[in-house]
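The model shown is predicted, which means the values in this text are computed figures rather than measured ones.
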Amino acid sequence: MASARTTAGQVSGAAGPLLPGADDSALELGSVRAGRVRRPPVLPSWVLKVVMAVSGIVFALYVLVHMIGNLKVFTGVDHFNEYAHWLRTVLQPFLPYEGLLWIVRAVLLGCLVAHVGAAAVLWSRGRKSRGAHRHKGLGLRNFTARTMLVTGIVLLGFVVFHVLDLTTGTAGAASASFRPATVDQAHAYENLVASFQRPVAAAFYLVAMIALFLHLAHGLWTVVSDLGATGRRLRAVGYAVAGAVALAVMLGNIIIPISVLSGLLS
Amino acid sequence: MRLVIEVWRQDTPADSGRYETHTVDDATPEMSVLELLDRLNDQLVEEGLEPVAFESDCREGICGACGVTVDGSPHGPQRNTPSCHQRLAGYADGQRIRLEPLRSAAFPVIRDLVVDRSALDRIITAGGHVAIAAGTAPDADSLLVPHERAERALDMAACIGCGACVAACPNGAAHLFVGSKLTHLSLLPTGRQQRGKRARAMLFEMEQDFGPCSLYGECSRVCPANIPLTAIAAVNKEGLRSFFRHKDD
């Protein structure tokens, strides 16, 4: 090397530059800067990923139970409406009317805030760490991973519509014949059929269920890693369960609007 | 074989950088990516131009010094193969080949294809080593390590620290690198004694430069040491373990 190092460790340029136009000290020391991409975060990324994994498991269990409940629609109008009424009166008198529903809603809302908040922070950290040169040309092999943000936003939009349509019955989202549940009786069957008889609502449901499949399939597989499963058998089981749950939830839900549109349910 | 090379040129870390196009007429299929760069540099020197700066050392896939991005893929298009072993057999006469440095905000470019990978060194400094008084060399068979465990530790110890996993990750995460070190050292008797402390120190350091893992799986596709994706899970496993256990080991 043509340069000599000073006592401070700096490269002196007295002997002339090593390479024309080059940063000599960077070349000599193999180091550009001591600065970091970010300061030590209060909530490290791996903790946020665990938060996403735990809230994601809550969502997955919820949609699985929700799907199984939905399938009761095939047991007939009375049975389905009784089930809807039971959900409101279960555990009475230990819980007030709709007590369990409100507990579930509170838990889900808490998970939603945590899940979306953590996702936003992690997304921005990922972009910062990657830098200006994005990784392009990723094939179909990680399609689900790449589309997590998109499928997540579709699902968020769907959840808002779904609540307005079948829970609150807000005009515009709900069908014209929507009847809210009373203390004695629910009209879930009639509301469901009326909603899915609108092709646009049924199509949005279909799109949302495909998004849910993609999101769950990758999300549940990520849970396996984020909760630290390193054993070969455990990972294989986790991979299979992730795919099976995602597929079951999608198929179980999708046959309902198809049955309504084909006249099987009316 | 004639190859049109688009190569990244950047004089200083602060420079914005640009692609330069050159043609090498006498490339051969058995040449490695690095030998193509050697040939290009011979040509540039003959023409009185500045040669392309790039890193390489052993050229047999064990040192981890080389690492360029070839057509968007760290190290090159062949899976789990270092740049020095990436041959040009897959390229046809007249084809374009794009060479750029390993891309990540944690790896600033020093010059042309040379990047500063000290962010990885900082993680190793923080905890990627065994720092206990181990005494003199123990008697044979006094510290028993089951064969299966030794093999697993060796598989993870195969990481050569080239940084391709980081450059392959759309999030700029270093989980494969950190996970392989954490697993390797947690499996062996001396390394185990600092298992918790090491995890905390390495994760703290990692968080400051590298991104989160979204399980794209790109890292283990490019890793020249064939580190499996399981290493990624070890990052959270060791993180959770050290958090709940709250001890040095």
> Going from OH on Y216(B) to NE2 on H135(A), what distance comes out if it is rounded to the nearest 0.5 angstrom?
Replying inline: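 Nearest 0.5 Å value for the OH-NE2 distance: 10.0 Å.
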> When rounded to the nearest 0.5 angstrom, what distance separates CH2 in W123(A) from CG in N171(B)?
Replying inline: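 That separation rounds to 11.0 Å.
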>> Only heavy atoms, only distances under 4.5 angstrom. Which residues in residues 218-232 of chain A are near chain B?
In response: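 Only H218(A), W221(A), T222(A), S225(A), D226(A), L227(A), G228(A), A229(A), T230(A) of residues 218-232 of chain A have a heavy atom under 4.5 Å from chain B.
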> If contact means a heavy atom pair closer than 4.5 Å, which residues of residues 245-254 of chain A contact chain B?
Replying inline: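 Result: none.
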> Contact part of V109(B) toward chain A, heavy-atom cut-off under 4.5 Å: side chain, backbone, both or neither?
Replying inline: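 Only the backbone of V109(B) comes within 4.5 Å of chain A.
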>> At a 4.5 Å cut-off on heavy atoms, which part of R241(B) comes close to chain A: side chain, backbone, both, or neither?
In response: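 The answer is neither part of R241(B).
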>> Sort by residue number and list every residue of residues 66-81 of chain B having at least one heavy atom under 4.5 Å from chain A.
In response: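 G72(B), listed by number.
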> Taking NZ, NE, NH1 and NH2 as the nitrogens, is one of them in R39(A) or E207(B) under 4.0 Å from a carboxylate oxygen of the other?
Replying inline: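 Looking at E207(B) together with R39(A), the answer is no, because their closest N to O distance does not fall below 4.0 Å.
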Side chain, backbone, both or neither: which part of [X] has a non-hydrogen atom closer than 4.5 Å to chain B?
X: L48(A); value: neither
X: P44(A); value: both
X: R127(A); value: neither

>> Testing the basics here: between C169(B) and R130(A), what is the closest heavy-atom pair and its distance to 0.1 Å?
In response: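 Here C169(B) and R130(A) meet closest at O-NH1, 3.2 Å.
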>> Tell me every residue that passes salt bridge (Lys or Arg N to Asp or Glu O under 4.0 Å) with E100(B), counting only those two or more places apart in sequence or in another chain.
In response: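 Applying salt bridge (Lys or Arg N to Asp or Glu O under 4.0 Å) to E100(B) gives R103(B).
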